[in-house]
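Throughout, a chain's letter reflects where its sequence line sits, starting with A, and its residues are numbered from 1. In what follows, every heavy atom counts, from backbone to side chain, and hydrogens, waters and symmetry copies are set aside.
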Amino acid sequence: MKAIYSLFLVFALVLVALLGAGAGGMHYLFGVIIPYVAVVLFVAGFVMRVIRWGKSPVPFRIPTTCGQEFSLPWIKQNKIDNPSTTWGVILRMFFEIVLFRSLFRNTRVELHDGPKLAYASNKWLWLFALLFHYSFLTIFLRHMRLFTEPVPGFFQALESVDGMLQIGVPSLYLTDVVIVVAATYLFLRRVVIPQVRYVSLPADYFPLFLILGIVLSGIFMRYFVKTDIVSVKELTMGLVTFHPRIPEGVGTIFYIHVFLVSVLLIYFPFSKLMHMGGVFLSPTRNLANNNRMKIHVNPWNYPVKVHTYEAYEDEFREKMVEAGLPVEKPLEQQPENKE
Amino acid sequence: MYDGGKIIAGLAVFVLLFTFPFWYNIGNAAYTKPKLELPKDAKECVEKTEWMRAEHMQLLNEWRDEAIREGHHTYKNMVTGKVYKKSLTKTCLKCHAQKDKFCDRCHESLSVHPYCWDCHVAPKGDK
């Protein structure tokens, strides 16, 4: 139900672009205004969200420890999974961000007759997540050919590697295939595994369908429903040089694609997709496990007014003695000292 | 803000990278559609201009497969039925004699690298 709701939301978005830009002919709105608004909201929203995270204190050292901590000299430390130095943390973060190292440790739990609890390695999520993210990155970078003139050699090289199989014309990009397969896996995983389905919300399905919608509309535009790509570049170059104009001959499929991308950009800072920035700010990953080497003071500690027992006894000693309560300093000494 | 220096630096790098196309093009000449040099002695292509613009790559691919692998050498225009020989060198390049003034203009602008010239000898275009 949650999946269908999200799917129809994406259909509705396609319909909005189809009616607005296609039937309504509002090309300037869908080709210029909405993309600009989307980029501004994306950047501003992203920055504000990260700053808000930065303002929240981390009162405790809470690194997750996934290996032997720094200890006695003859005990071998796991320097990546339980780092005690900044360099160890940098290495840990590097592997986390580039290779999704913690996802590689993903396990499956099974309950067998007996009852016996069994854990097994489960690498599929890691594999498809990695494929998905790298395809997305490659596709994003490849699109720079429409936003730069002349196109830098790096993007050209990336493109020729992506199309190296030279299947058909326009030549098939490997990432186009991989991202569809990977996103489909990520969706099916949520539907097929009961435990995962139970914890899945529209906020999980919607971005998946939205990204699939973007990918499919892009694939359609490249291979099937062609549009005049030279006019498209004229439009996109107009956007990035702040001389927006709508050239003739740009098809509705382009406006659908751009509208879905704009929705993704606007949705991004408000959604779980912010893990892109959040991964850098995860205290369970980016703190060194030096809990026992350094004193860590809670940042919101303020000087507390204390009333020690000694001061308390000084204040009430006479009354305490009168009431027969034991005192640490006897009362008799004081008058003697005074006299 | 805690660790503010690092967070602000990271954000600055992110914003700089994301806005790459906005500052990369500063100072470059405004983008204009590549101008194609059309053949002077021919009025029409094997199909309509709009269709050719979108589908020429597929047409050439089919021509290659049909001519080289299946031995069908004639192509009929879809509207008028006019017959052409399926040949890049003898049909296409007969009119569009200089690839650097026709093919390459759009391809370079859009960073498209067709592999026609891996096998075919590229016309010199120095007429």
Which atoms of B:N28 approach chain A - backbone, side chain, both or neither, heavy atom under 4.5 Å:
side chain

What part of B:F18 is in contact with chain A, defined as an atom under 4.5 angstrom from a non-hydrogen atom: side chain, backbone, both or neither?
side chain

Looking at side-chain heavy atoms only, is the closest gap between [X] and [Y] below 4.5 Å?
| X | Y | answer |
| --- | --- | --- |
| B:V112 | A:I229 | no |
| B:L11 | A:F46 | yes |
| A:F280 | B:I7 | no |
| B:F14 | A:M276 | yes |

Counting only heavy atoms closer than 4.5 Å, note whether [X] contacts chain B via side chain, backbone, both or neither.
| X | answer |
| --- | --- |
| A:S160 | neither |
| A:E234 | both |
| A:T236 | neither |
| A:L239 | backbone |
| A:R245 | side chain |
| A:V230 | both |

Is it true that, when you exclude [X] itself, more than 12 heavy atoms of the residues, nucleotides or ligands shown sit nearer than 6.0 Å to its [atom1]?
| X | atom1 | answer |
| --- | --- | --- |
| A:K272 | NZ | yes |
| B:K85 | NZ | yes |
| B:H96 | NE2 | yes |
| B:W117 | CH2 | yes |
| A:F136 | CZ | no |
| A:E248 | CD | no |
| A:H275 | NE2 | yes |

Kindly state whether the ring of A:F147 and the ring of B:F22 have centres lying under 6.0 angstrom apart.
no

Nearest atoms (heavy-atom pairs only) where [X] meets [Y]:
| X | Y | value |
| --- | --- | --- |
| B:A54 | A:K226 | O-NZ, 3.2 Å |
| B:Y115 | A:G168 | OH-O, 4.3 Å |
| B:S109 | A:V151 | O-CG2, 4.2 Å |
| A:P170 | B:Q58 | CD-OE1, 4.1 Å |
| A:T148 | B:N25 | CA-OD1, 3.7 Å |

Heavy-atom pairs under 4.5 Å with chain B, option from A:Q166, A:M144, A:Q156, A:M237 with the top count
A:Q166

Could you have a look at A:F155, A:F242, A:F42, A:W53 and say which one has the most heavy-atom pairs with chain B under 4.5 angstrom?
A:F42

Go through it in stages, so that I can follow the logic: the residues are A:V169 and B:L60, the test is side chain to side chain contact (heavy atoms under 4.5 Å, CB included), and I'd like the CA-CA distance, side-chain angles, deciding distance and then a yes or no.
CA-CA 9 Å; A:V169 275; B:L60 286 170; over 6 Å; no

For the candidates B:P21, B:C106, B:P34, which exhibits the highest count of non-hydrogen atom pairs separated by less than 4.5 Å from chain A?
B:P21

Could you check whether any side-chain N or O of A:R145 sits under 3.5 Å from a backbone N or O of B:L110, counting only pairs where one atom can act as donor and the other as acceptor?
yes

From CD (B:E108) to CD (A:E149), nearest 0.5 Å
9.5 Å

How long is the span from the CG atom in A:D228 to the NZ atom in B:K33, to the nearest 0.5 Å?
5.5 Å

